[in-house]
Structures are given as structure tokens and as C-alpha cells.
Amino acid sequence: MNDTSSGTSVSAVKDQVRVRMAPSPTGYLHIGGARTALFNWLFAKHHNGRFILRIDDTDAARSTDESMHEIYDALKWLGINWDEQYVQSERRGIYDDYVAQLLASGNAYHCYCTPEELEEIRAQARADKQTRSYDRRCRHLTSEAVESFVTEGRKPTIRIKMPDTPIRVDDLVLGSRNIDPDTLEDEVIVRSNGMPNYNLTSIIDDVEIQITHVVRGTEHLNNTPKQIAIANALDLKIPQFAHIPLVLDSGGRKMSKRHHGDLVAVNRYREQGYLPEAMLNFVVRLGWSYDDKQEIFSVDELVEKFDLARVGKSGSVFDIKKLEWLNSHYINQLDVAARTDAVIPFWQKEGLLDSTEDRAWLESIVEAVGERLTTLQDIIPQTRYFFTGEFEYEPKAVKKWWGNSEEKRDNTRQILTNVLQILEESPTFDIETLEAAIWKYTDKNNIKRVAAMQALRIALTGTSFGPSLFDIVVLLGRNEVLKRIPKAITHL
RNA sequence: GCCGCUAUCGUCUAGGGGUUAGGACGGGUGGUUCUCAGCCACCAAACCGGGGUUCGAAUCCCCGUAGCGGUACCA
């Protein structure tokens, strides 16, 4: 409210900032939607305003309850809470009143064209290289014509009559421009079944619920002059607009459910073990930056620093590598207890935990894994062998470290046999003692440490990578280790 | 086809009339180490093209070009 640094005209607005996110419940929340929500939410928080959730469900055929709840879930998971909520299907009366007004003032008219006719008109317009695809033929229907359509049983749509003067669009991100009225379509604002359409309901609600700033994706840019025209015809005061650039795939195309499936679903990332903090931090940097050095932002910092004036104009590519980097950063930020809490559901889902494991042991495992997690899901390949001796010996690792000739394998068997004996006879089973004993053995016999260790690692874990091997040995415990080594020797 | 938007390393971006065009992710090399990850050091990597304006243009203007978005009785 006292913002002088924003660079937008927000500072001039006396009233409270009110922004909204208006998803249509026709699927899950996707990355682009999450970013729109986040930008709006941050803008609201930054200005001490209100963030409103509006469910744009005027398309009854495609809207589902299930989808609505998925969107709620995803938003809540991200920590994007809303102060008010509206559902368009419950507000039908409001739209009907405005439509009646539009009809009465002559700013809207009934259109009796059938979908087939419209398609023909469109095809013709295109062939003629026309700017508009509807020729406005129903603007001036004689009463006889109307009557015959009605007796034919045709149900009309209602179209808005576009003005013949330019429409000025001011955009906080893209700047201002005038739209040539010749390019404007007499949009259908009410379907023949009586349901109002997006361009009508959207602007009416924005005005009705007193939205001060409409922050949405640039796919809506062409809708803006149409919506302004509707508001003008109704003599309504329009909000400010800010169109934010699209989120693109690696090929530079808009990310969409249609083309990318659940690759764009926020919930998918949640299931894979991405942290909401990482998602937020990642997504906010798609199109927004603070300065030339900061990449990591806490939510509080974002609220403090977010500014529409620093939103770029061009689309940004979704780069999973960067998300992964941020995610591992935020996972590593968690202390061992919190990280253990975060990882337990993943062990459970994998069926690795049967409630006999004690907390201290689990925390030790997480401690040993250290900074090796990119996603929480990574805990599975990193730690499966702690919970079960039933694993495959990874072929590539076997070939490299156990050897691919009979001679080399004999050698490995010998090493493992010796190591087994050392571990068996060690008076205590702690890292220092074992390490000293093993090093003594390898150095004395001129065996490369790495060779012995990797041979043992594969015997114990099936893989050639992972935490410090002495951590693993101790965490597995003497009994288990003494079982796994002979098994490996037999398998060799 | 028509309408619109955009254009800095592969990616996210900083900058913006005079800079060695900066950072980060990713990539590469070396070091540390029982492996991997990490960490440390270093390297490669960009102003779409052409015209102006100007002493000077990546930056301002124009024109191209390319990419993308929209073009529904979807939102």
C-alpha cells in the first residue's frame, strides 16, 4: 500500500489490491497455472491485498468436481492460500442481468447462425483473407427472418456488438497499445443453451468482485480488448491488466495438458518428491528476476521482493535440471529429522518399512545418504539395500569391479573372503576399528583400496555408488554383513 | 490465411548509448575421496539479420526474419 518501488501504477491505487486466479476445473493444476497463481498471490501479499480464487466453470460439459479438488490440493500444497472464493456456475443470475442490459441498450444481439453455417462463413472469410471470421450478418435481422428462424426451432446465441472505435489496452507488463476495431470479433457471449461464455463472465466478475489487477498468461492477450469492449458497453470500470509470458517446453512451445500430459501436473512433482519450496522458487524465476545474483528465495523474501515491473516479456522454457538443483538445495536445507519425516512416506509407499525399524536407525540412514538426494523419491535407489537383501547385482558394476575374467573373479573372491574374515573377527563393529583393519589389510597386501571397497560395496548393496561404505557396513550390522558377503562370493 | 506478442550463452536471466556483456542451471577439465553425490579451482558458451540516428548501438528507431500465442456456442 505504501509501495514506491514497484514501478507500476499500483502505488497510485488507494484501494486495497485484489487479484484473482481463475482456473477452469477441467483438469489438474499445471505448471503455468501454478505460476499464474503464485504471481497473483505474491503480488497480493506484497501489497497487503487479497488473493481470490475464482472457479471458472461455465463450461458444464468439461468441468468436474474432481478437478476442482485437485486444484485446491495442489494450491494448498504449494502454500498458496486464498482469502475469498467464487464459483461462476453459482452466479448465473448476475451474468443474466448484465446480458439483459446489453440487449436492451442494443450492444448485443441474437445470432441464429448454426454451427455449420458459422463454419462456412469462417472458411469463406479465410479464403478471402478477411481479418474477421464472422461477418456480423445477424446484427440486422428483419423480424420476419427472426420469426422464421424461431419457427424453425433455432435457438440463438447472443453476440456482443464490437465498437467501431479503437480500444486502448494498458498492460503493466507489455505496455500500452490501441487495438484496431476492424480486428475485433462480435464474440458469442451467451451460448444457445443459455450459458454465458468466458469473455463475458470473466470481465463481469472481475468488476463485480472488484479485482484491481488481472494478472494472467499472455494466451489471454487477445481476449483483453474484447473484455474491455464488454465492460465499456456496460459502463463498468475495468481493472488493470498484466499479461505474463508463457511457460514453454524445451521446444519453445506452450506447456499444456493437451500436449504434455501429466508432465505439467503440479501433483506429479509432488509425488516424485519435489518440495513445494523448490517448486515455488523455480516457477517464480520463470519470467521474473530480482537482480543479477540471487537465485534462492524464501517465500518471505519473495513476498517482500516480488514486483510486476520486473516480469519479463518473453516466454521461458521449463528446465527440469534447474528444478532438480533447487530441489536438492531445499532438501539439503532440511535437518536430518525433517528429512527423515519427508522421506518416510516414500519408503512406505515402496513397501520397505514395516514399522519394526526404529527411528534412530532411519535417521542414521538419512544422515549417511547425506546430500545425495535430488528428489525425495531418490531415497529408494539410495537405500533399498538397507531394508532388504533381495537385490540384483548391477551388471555394469559387476563387470567393472568384480571382474570380467575368471582370473579377476578369483581374485575378487579372495579379497571378499579376507574382508569377511576381518569383519567377522573384529572385536568391535564401529567405523574407526573396521576402517583401520581394512586399510591395514589392503595396504599390506598391495591391494588398491578402491578395488576392495567397490567389490565389497557391490556385495553389500548391489551398486557401485552410494554413501561411505563404512557407514553402510555399520548400519547394516555384523549379522547382515556376514550373510551378504558369502552370498556374493557364491554368486560371483 | 488473419490478428497479436516476443527476440542476450543450450536454459533461466542481469545489464542497457562507451562494460573484458555479469550471475545461475546444465556441460567440460583438474583437485579432494572407498564409489557416487558434494565441495574447491578453472574452462567453453550469447546480444537474430539489415538499415538508420549517433563521435560511438547489444542498448534508441525502422524494416526484415524467426519463434510463439490466439483465431470455438473452451477457458
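Side chains included, hydrogens not; waters and symmetry mates left out as well; all remaining heavy atoms used.
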Span that lies between the C1' atom of B/A44 and that of B/G10, in whole angstrom:
12 Å

Both distances below 3.5 Å, Watson-Crick or wobble geometry, any strand: find the nucleotide opposite B/A14.
none

Nearest to the A/L221 side chain among B/C5, B/C36, B/C3, which nucleotide is it?
B/C5

Base, sugar-phosphate or nothing for A/E371? Non-hydrogen atoms, less than 4.0 Å.
sugar-phosphate

Now, which nucleotide makes the Watson-Crick or G-U wobble pair with B/U65, with each of the two distances under 3.5 Å?
B/A7

Has A/T58 got a side-chain N or O lying under 4.0 Å from the OP1 or OP2 atom of B/A75?
yes

Please classify the nucleic acid contact of A/S314 as base, sugar-phosphate, or nothing, using heavy-atom distances under 4.0 Å.
sugar-phosphate

What's the closest nucleotide to the side chain of A/D319 if the choices are B/A24, B/A75, B/G10?
B/G10

Look at all strands and tell whether A/N223 reaches a base, only sugar-phosphate, or nothing, counting heavy atoms closer than 4.0 Å.
base

Using a 4.5 Å cut-off on heavy atoms from C-beta on, say whether the side chain of A/L174 contacts that of A/T218.
yes

Tell me what A/R62 touches on the nucleic acid: a base, only sugar-phosphate, or nothing, going by heavy atoms under 4.0 Å.
base

Any idea which of B/U35, B/G69, B/G23 is nearest the A/L246 side chain?
B/G69

Within the structure, does a side-chain N or O atom of A/R126 lie under 4.0 Å from either OP1 or OP2 of B/G1?
no

Taking every heavy atom of A/S133 against every heavy atom of A/I121, the minimum-distance pair comes out as O-CG2, 3.5 Å

Please confirm whether the shortest side-chain N or O distance from A/R191 to OP1 or OP2 of B/A75 is below 4.0 Å.
yes

Which nucleotide in the set B/C3, B/C25, B/C68 lies at the smallest distance from any side-chain heavy atom of A/K321?
B/C25

Write down the distance separating the C1' atoms in B/C48 and B/U6, rounded off to the nearest Å.
12 Å

Let's test this: given Watson-Crick or G-U wobble pairing with both distances under 3.5 Å, identify the partner of B/A41.
B/U29

Side chain of A/R457 only, heavy atoms from C-beta on: which candidate in B/C34, B/G69, B/A72 is closest?
B/C34

Using purine N1 to pyrimidine N3 plus N6-O4 or O6-N4 for Watson-Crick, or N1-O2 and O6-N3 for G-U wobble, each under 3.5 Å, what pairs with B/C34?
none

For A/H220, which contact category applies under a 4.0 Å heavy-atom criterion: base, sugar-phosphate, or nothing?
base

Can you find a side chain N or O atom of A/K254 that sits less than 4.0 Å from OP1 or OP2 on B/G70?
yes

Rounded P spacing from B/G15 to B/C3 in Å
34 Å

Which part of the nucleic acid, if any, lies within contact of A/S192, taking any heavy atom under 4.0 Å across all strands shown: a base, the sugar-phosphate backbone alone, or nothing?
base

Electrostatic pair A/R20-A/D206, nearest N-O below 4.0 angstrom
yes

Using a cut-off of 4.0 Å on non-hydrogen atoms, how would the nucleic acid contact of A/P467 be classed: base, sugar-phosphate, or nothing?
base

Suppose we define a pair by two distances each less than 3.5 Å, Watson-Crick or G-U wobble; what does B/G1 pair with here?
B/U71

Do NZ/NE/NH1/NH2 and the carboxylate oxygens of A/K305 and A/D307 come within less than 4.0 Å?
no

For B/U33 and B/C25, measure between their C1' atoms and round to the nearest Å.
25 Å

Inter-nucleotide C1' distance (B/U32, B/C68), Å rounded:
47 Å

Looking at A/N197, I'd like to know whether one of its side-chain N or O atoms comes within less than 4.0 Å of OP1 or OP2 on B/A72.
no

Using a 4.0 Å heavy-atom cut-off, does A/G466 contact any base of the nucleic acid, only the sugar-phosphate backbone, or nothing at all?
base

Salt-bridge test for A/E208 and A/R54: reply yes if a basic N is under 4.0 Å from a carboxylate O, no otherwise.
no

Side-chain N,O (A/R310) to OP1/OP2 (B/U13) below 4.0 Å:
no

Check A/D135 with A/R137, please: is the shortest side-chain N to carboxylate O separation under 4.0 Å?
yes

Which of these nucleotides, B/U35, B/A75, B/G69, is closest to any side-chain atom of A/D59?
B/A75

If you check the A/D292 side chain, which of B/A14, B/A75, B/C73 turns out closest?
B/A14

Taking the six-membered ring of A/F391 as reference, does the cationic atom of A/R384 (NZ for Lys, CZ for Arg) lie under 6.0 Å from its centre and within 45° of its axis?
no

Could you check whether A/L469 gets within reach of a base, just the sugar-phosphate, or nothing at all, counting any heavy atom under 4.0 Å?
base

